[in-house]
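This report refers to the structure that appears directly beneath it.
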Amino acid sequence: MFEHIDAYAGDPIFKLVELFQADPRKDKVNLTIGLYYDEEGKIPLLASVQEAEKRSAALKKPRAYLPMEGLASYRQAVQKLLFGADSVAVKDERVVTVQTLGGTGALKIGADFLHKAFPAAEARVSDPAWDNYYAVFQGAGVPTSSYRYYDAKTQGLNFTAMMEDIAALPAHTIVVLNPCCHNPTGVDPSAEQWAQLIPVLKERNLIPFVDIAYQGFGRGLEEDTSVIRSMVDAGLTFLVASSFSKNFSYYGERCGALSIVCQSKEEANRVQGQLKATIRRVYSNPPTQGAQAIAAVLQDAELFKQWDAEVAEMRDRIATMRKLAHEKLKQKAPNYDSSYFVDQFGMFCYTGLTKEQILRLRDEFGVYMLESGRVCVPGLNSGNIDYFVDAVAAVVAP
Ligand code: LMR
């Protein structure tokens, strides 16, 4: 029956995780998938989450189906977190938010919705981008290609090229944007650059699809939403995929959301109806427990404060590792410019190491990073950073 079915080549990120897990070496270092690890190299279960889970469990609520759009308290909390407590757009009820299966689920529901609304629309993602964007959008029938973004020479943003490409797009092109902590490069446009880009998105009638998976890992929970808030202020109609995987360290619970900012309450109602229809035909309705715990944290002042501090701790540890890696590399490999460690933001940095160097790191030292040269910074800790630095110094040595 399935003789014609091709073998799966594997996902470039998860494939490496499997390779890493199978590696018997004791001093191996995992800098592959975007997971936050603490100083002990463990994925934390946040104290705020533990408390919320305890409270939810005590309620012994039955597990009936949620509505297609998800848990109401969770959806409201997402809106407050993304758009602000005083958002006029939220007050005017022109923002629709549905609970989704992680950020990827939000992208999928958004892509299906957009493909139905604009069957000829194409999507553009940054070059480079998170690989899975191609699979998600193309899987939804949306042809996907890239706009210029990263400049390998400066290891920074090629903003002129990015603007040129985006300004030349036909109306109703879906433009996927990371508002903070760009994956995979850690290179973000500055506030001034966003201020130039946002009016172009509006004038050209483009469909911005903002993907925020790292809220709180850049500058702060509130600060990292500034691009989203500016888009609302500029009167854009746009989509936001958001995820609690990272900032709640809640990866396996698949808690995300898709929000769409519309022009009126009446338009928002119709859009919400179509999102419900999309969800119904993909997975019917989302699961209960993760969303309940998140809503409990976000709606309780004390737990929110505790969570905010836990996010700050994760963010600060990443910043410390970035600084340490840079300082140590300066000493161990003085001819190698590792300033990207401190110039780039969030969970990832883009090392610019060659394929050969990356393979040597993996084969000779058991240091695993993506083949693009992306490093997941929180994979580093005070126990393995010297080993990592020595390994990098060895492969970049002239
Ligand atoms: C990553 O980029 O490593 C994360 O977003 C995890 C994933 O699903 O790929």
Side-chain angles (χ1 to χ4, degrees), residues 8-21 28-38 41-44 100-111 123 125-140 144 146 149-150 176-188 209-218 224 240-258 283 290 311 314-315 318 321-322 340 344-351 353 358 361-362 367-380:
Y8 177 41
D11 175 82
I13 297 177
F14 278 89
K15 200 167 60 182
L16 278 174
V17 175
E18 285 162 22
L19 269 182
F20 174 82
Q21 280 163 349
K28 62 184 177 175
V29 182
N30 185 6
L31 308 175
T32 58
I33 195 162
L35 281 165
Y36 176 87
Y37 296 95
D38 62 17
K42 296 210 179 75
I43 297 166
T100 58
L101 304 187
T104 310
L107 292 165
K108 164 68 178 161
I109 297 303
V125 301
S126 59
D127 178 21
W130 183 54
D131 289 305
N132 209 29
Y133 285 142
Y134 284 92
V136 171
F137 282 96
Q138 287 169 346
T144 306
S146 64
Y149 189 84
Y150 178 73
V176 179
L177 296 157
N178 292 168
C180 64
C181 309
H182 181 261
N183 183 5
T185 66
V187 172
D188 294 328
F209 200 151
V210 175
D211 182 18
I212 179 162
Y214 301 93
Q215 184 182 356
F217 278 23
D224 289 349
V240 184
S242 56
S243 164
F244 291 116
S245 293
K246 277 72 178 180
N247 56 17
F248 263 85
S249 189
Y250 224 29
Y251 309 88
E253 294 297 336
R254 310 310 295 137
C255 291
L258 173 66
Y283 56 84
V311 175
M314 294 193 273
R315 176 174 65 246
I318 296 173
M321 284 303 126
R322 284 180 172 279
Y340 57 81
Q344 299 171 356
F345 257 97
M347 213 166 188
F348 303 120
C349 67
Y350 220 49
T351 58
L353 291 170
I358 292 161
L361 280 170
R362 191 195 310 168
V367 172
Y368 287 70
M369 62 178 71
L370 298 196
E371 285 181 11
S372 60
R374 187 192 84 172
V375 156
C376 181
V377 181
L380 295 172

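In this text the structure is predicted, and so the values were computed from the model without any measurement. Heavy atoms only: backbone and side chains are in, while hydrogens, waters and symmetry mates are out. Just so you know, ligand 1 is whichever comes first in the structure, and atom 1 is the first atom listed for that ligand.
Contact of the Ser249 side chain with the Ile43 side chain is registered, since non-hydrogen atoms from C-beta on lie closer than 4.5 Å. Here the side chains of Leu361 and Leu353 are in contact, with some heavy-atom distance below 4.5 Å. Considering only heavy atoms from C-beta on, Asn178 stays 4.5 Å or farther from Tyr214 through its side chain.
A salt bridge links Glu371 and Arg362; the closest N-O separation between the charged side-chain nitrogens and carboxylate oxygens is under 4.0 Å.
The shortest heavy-atom contact between Cys376 and Gly34 is SG-CA, 3.9 Å.
Neither the backbone nor the side chain of Met347 comes within 4.0 Å of ligand 1, counting heavy atoms alone. Looking at Asp11 against ligand 1, nothing comes within 4.0 Å, counting heavy atoms. Contact annotation for Tyr214 and ligand 1: only side-chain heavy atoms (C-beta onward) come within less than 4.0 Å of the ligand.
Using a 4.0 Å cut-off to heavy atoms of Arg374, the atoms of ligand 1 that qualify are 1 (C), 2 (O), 3 (O).
The side-chain contact (heavy atoms from CB on, under 4.5 Å) test with Pro378 singles out one residue from Leu31, Leu35, Asp38, Ile318, and that residue is Ile318.
Taking any N or O of Ile13, backbone or side chain, none lies under 3.5 Å from an N or O belonging to ligand 1. Between Thr32 and ligand 1, no pair of N/O atoms sits closer than 3.5 Å.
Ring centroids of Tyr149 and His182 are separated by less than 6.0 Å, placing the two rings close together.
Nearest non-hydrogen protein atom to atom 9 (O) of ligand 1 is Trp130 NE1, 3.0 Å. Of all protein heavy atoms, the one lying nearest to atom 5 (O) of ligand 1 is Lys246 NZ, 3.3 Å.
The shortest heavy-atom distance from Ile33 to ligand 1 is under 4.0 Å.
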